[in-house]
Amino acid sequence: MTGGTMKMLLFLFWGFLFSAVSQAQEIPTAPSRGQPWPMPMSYKAGGQLNTIDAATFRFATQGNDCDILREAYIRYREAAFKQHSERLLVVGPLRFRQNNLRFMQQLRGQENALLQQLSVQVSTPCEGRIYPSLESDESYALDVSGGQATLKAQEVWGALWGLETFVQLVYTTNSGEFVVNDTSITDKPRFVHRGMLLDTGRHFLPKRTLLQNLDAMAQNKLNVFHWHIVDDPSFPYESRAFPELSNKGSFYPGSHIYTPSDIQEIIEFARLRGIRVMAEFDTPGHARSWEEGQKGFLSECYSGGTRNGMYGPADPTKNSTFTFLKEFFTEVASVFPDQYIHVGGDEVNFTCWQSNPAVGDFMQKMGFGDNYAKLEEYYMQNLLDIINSLGRGYMIWQEVIDNGAKVREDTVVMVWKGGWQKEMANVTKQGYHTLLSSCWYLNLITYGEDWKTFYTCDPHAFDGTDAQKSLVMGGELAMWGEYVDDTNVLPLSWPRGSAVAERLWSPQDVNSPVLAEPRLVEQRCRMVRRGIPAQPISGAGGCPEEFGGN
Amino acid sequence: MTSNFSKMVEGSRKMVSLLFVLSLFSALSDAKLSVTPTKGVPWPMPMDYKTTGKQNTVDAASFRFTTRSVECDILLDAYVRYREAIFGRNADRFHAMRQSPKFVQMFSQEGDIGEVSVDVSKPCQGSYPSLESDESYSLSVANGQVMISAQEVWGALWGLETFVQLVYKSDTGEYVVNDTIISDKPRFAHRGLLLDTSRHFLSTRNLLRNLDAMAQNKLNVFHWHIVDDQSFPYESMAFPELSSKGSYFPESQVYTPTDVAEVIEFARLRGIRVVAEFDSPGHTQSWGLGQKGFLTECYSGEKPDGSYGPADPTLNTTFPFLKQFFAEVASVFPDQYIHLGGDEVSFTCWQSNPVIKDFMQKMSYGTNYAKLEEYYMQNLLDIINSLKRGYIIWQEVIDNGAKVRPDTVVEVWKGGWEEEMEKVTKQGYKTLLASCWYLNYISYGSDWTTYYTCDPQKFNGTDAQKALVMGGELTMWGEYVDDTNVLSRLWPRASAVAERLWSPQDVNFPLVAQPRLIEQRCRMIRRGIPAEPVTGPGTCPVEYREP
């Protein structure tokens, strides 16, 4: 955003505020109209309107064509026009209505330019089953002016975001006409990894909701679905090699699992939206549910010399542990095409290891003394070698680095604990790529407008050199599942997740909650209209179309 | 904790705790690490509840509810609902299928329970619940016989709800009920839930779904905070401009007379009163859009500055308007009580207005604007009185010293509620507690335990004072709530309040309640309410599906 537009927005905002004060004590925030979220890098909009005839408007590929584009056109046509007020649709054929509107305009003598198509130009071929990656070029340029609209992108991933932006620019006038302001946008994300974590281990989330959430992510240009798929309470991932894991470890194997075809569908749905699916199989801690279907995987805990029936982290002393892990992660690598696998490594509790005599013997044999962090490092090192041998990169939670394990240099370290500024400085000093999650734990709810604290947390706000800062790949918002399931996951995630999405996409200086709020209100209503139950986050108000279920 | 859940009488309370500790222990070695839910144990806990492990199977093919004596619309409608609640959405199709001789031959296992007999003493056709309703009932299940007896139909409705909650699926997939004897009545007569349809609009569909959820928890008053500063979605027949100018979107976000009638009828059939609140003189900005001259004009210096304050008590148009408006309200809402609001009146605008100042002088109020507020409320109360309705008011009206009818109910909502309840009851007024049940205030984790342990009679006062506590209300104010999240945010957190208001005072251990609350949440989900998880990781056998 240029300085000029920023000032104009400021002015508009004060205008809203002024007019609002005289209306009511607690004023609903006046939403913006046809402004994009997240804010593009450079965004210039003029007052000249272009009218769209929904019946004849089309997306036109110039040059490289592919399935990703064709699918996107179908989605975005619906997003732009189809779900707009049913009142409009019952009045009669849109074509007729639009002609009528144009006739009305002519009577008023202020005819807008007619926008008949958006031409889409992608430079790099996108046919074949290509996937987005950390290296994807997501940039695009979008121009709308005088009845002409052009979208240009190097790669199809940028084109997808450009289509999303274009659809967000379309709004309806008071008379029900679809219009777009003359607009010129040059855009690319500030960070390449803009993630969202969902936890399907603590409560099950059905496939349908995961797909809906991917749609919501695309509406906010988030590009990584971090799927924390299993955890202590349940193991819903259905493994072909080890079917007992979900048979015994899921809440209900008849209904609460993700079959290979479910997962394939989710990955494909994400791919078509430019979203990577990064699976996390967290070990050696957080693995209680694994034991149900993989006997002997976890350490047995002892009380006073005998087994007490409880289990601790994975047992690193047995060869069978790593043989199993190798076979298991080989399957994972074949199921999830992304170049990264998240291997967890957080919150390993040593109490059980300490109680187990076999583990004690192993410690002695390895010369670890009573430093159980060494044992954890031993486990992680073996696991990382396995992932390495599969040709995949890995993401890990910060503890793995904190405990001093050696990892590949392309490892991405996720920072999730408090004191993240020091940790980010520390991790980047060691030369690792890093992601921030600490300030975006959206499951930790509070009353009121907490999106502002998410919005103003900047992943570069730590002490470090430019080289260190450039190691920050972005961040992730987390929706851990203790108190979240299909009943509430979407309203709790949106539009609070949108605040994080803008932080990770838009320029660093687009950071005023006051300026963002009218756009965020518009974004929420837009999401509601497009079928996402995004909850209210800026006080009283109403969307023209309220959420009506699916 | 399974079918041999013990009777919930004095002596067995310890045993329940013991069972709980045992189930906790077994959970530690269990992969799911979550509290094991009960099976077929009711929420809220009845006054007197005895059960054994002896199971009766339910014969789905022949199952029916039978009225023993007095029959009425309310019972007939309930039978249809509760059949569905037991056997699911396709209950009737299933029923028809089960009737086919071939199917019976192949699959039917003779069930013990073929019918539930319902015995109501007083006629009930077309009646409405009230503060004086007799909600007591008794329920017995033994040797395949099920009997529900109640003085009034309202008790029978709760008895039916309880019976349906006793039904669970055995490990082999059969519908079963344990032998049970229940004698039940609510601790408090007014068990309310406030929804605010002004800050955000809520669709009629969701209001109805919420009434269903209330009935599942034996809440009996829907306090409809229908309008406020932000919008006026109530469509008035006499003053249509109020909603056509004062609602967010007059074409889609209003409650038409038909909508309101539907909500009231839906509630009546479930034993739920609908108490409408039209809050004034404050919280009325939206009224001003469709009723010019109703609000006080605020002045900056010598001139009106375009903003408005509370209703203007000095104009001779204000009270005739209110009289006509509330006459309509009284004809639309049959409940004997109307909620008049009266909270949070700011004096700043009144103080700026020269006409008001003159009026103050004329009335000899000096600069005491509380007197002016009292003047307004007194006039309004007289209007309601002339309409033969009782009123509920927020605590400020009493705090400011207005004279009100002796049967007035004062709703306490501010902090320091213990002192306020003591004060209000000392003056002899009936009272309701809302302060500790603001469910719109969310925080991370299992906050239901704090709602569960707030007791409305826990203030200093005589027994006579305590007897004036009619109950309480949980509130879901609408600043951050709309159709996207209202139901999941309410339930089952509101269930905690519901049990506090229904069950005996000493049923108050969150740890003991938790396994039952988990069952209640999953039961609500099965019956179509998106009740959110409130006790940590876990699952329901049937997860929520958007209908």
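Numbers restart at 1 for each chain; the letters A, B, ... are given by sequence-line order, proteins then strands. All values reported here derive from a predicted model rather than from experimental measurement.
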**Complete:** Smallest heavy-atom separation, B/C436 atom then B/Y451 atom, equals O-CD2, 3.4 Å
**Item:** Portion of A/L492 that has a non-hydrogen atom of chain B nearer than 4.5 angstrom
**Value:** side chain
**Complete:** Most heavy-atom pairs under 4.5 Å with chain A, out of B/A531, B/P530, B/G445, B/P533, belong to B/P533
**Message:** Let's test your reading of the structure: which of B/R489, B/E543, B/H200 forms the most heavy-atom pairs below 4.5 Å with chain A?
**Reply:** B/H200
**Message:** For B/F249 together with B/F201, are the ring centres under 6.0 Å from each other?
**Reply:** no
**Prompt:** Looking just at side-chain N and O atoms, do B/T539 and A/H256 make a donor-acceptor pair shorter than 3.5 Å?
**Reply:** yes
**Message:** What part of B/Y444 gets within 4.5 angstrom of chain A, counting heavy atoms only: side chain, backbone, both, or neither?
**Reply:** both
**Request:** For chain B, find which of A/L490, A/V489, A/D231, A/V484 contributes the most heavy-atom pairs closer than 4.5 angstrom.
**Result:** A/V484
**Asked** Between B/E532 and chain A, which part of the residue has a heavy atom less than 4.5 Å away: side chain, backbone, both or neither?
**Response** both
**Asked** Are B/R199 and B/D228 close enough for a salt bridge, meaning some N to O gap below 4.0 Å?
**Response** yes
**Item:** Per-residue contact mode, B/L487 against chain A (heavy atom under 4.5 angstrom)
**Value:** neither
**Top of B/D483, B/D482, B/N440 for chain A proximity - count of heavy-atom pairs under 4.5 angstrom** = B/D482
**Flag for B/W448-B/Q514: side-chain donor and acceptor within less than 3.5 Å** = no
**Item:** When A/A534, A/G254, A/G201, A/P206 are compared by non-hydrogen pairs under 4.5 Å with chain B, the top option
**Value:** A/A534
**Message:** Among A/P491, A/G481, A/G539, A/G448, which residue has the highest count of heavy-atom pairs closer than 4.5 Å to chain B?
**Reply:** A/G539
**Message:** I'd like to know if the side chain of B/S198 pairs up with that of B/D196 as donor and acceptor (distance under 3.5 Å, no hydrogens or angles considered).
**Reply:** no
**Item:** Atom group of A/E449 that falls short of 4.5 Å from chain B, counting heavy atoms
**Value:** both
**Prompt:** Would A/Y447 and B/Y480 count as a close aromatic pair, with their ring centres under 6.0 Å?
**Reply:** yes
**Message:** Is B/V486 close to chain A through its backbone or its side chain, or both, or neither, when contacts mean heavy atoms under 4.5 Å?
**Reply:** neither
**Asked** Between B/S247, B/G288, B/S446, which has the largest tally of heavy atom pairs under 4.5 Å with chain A?
**Response** B/S446
**Message:** Taking A/R530 first and then A/D215, would you say they form a salt bridge - that is, a charged N and a carboxylate O separated by under 4.0 Å?
**Reply:** no
**Item:** Heavy-atom proximity to chain A below 4.5 Å, by part of B/C298
**Value:** neither
**Asked** Would B/K39 and B/D171 pass as an ion pair if we require N to O under 4.0 Å?
**Response** yes
**Which portion of A/I537 sits near chain B, non-hydrogen atoms under 4.5 angstrom** = backbone
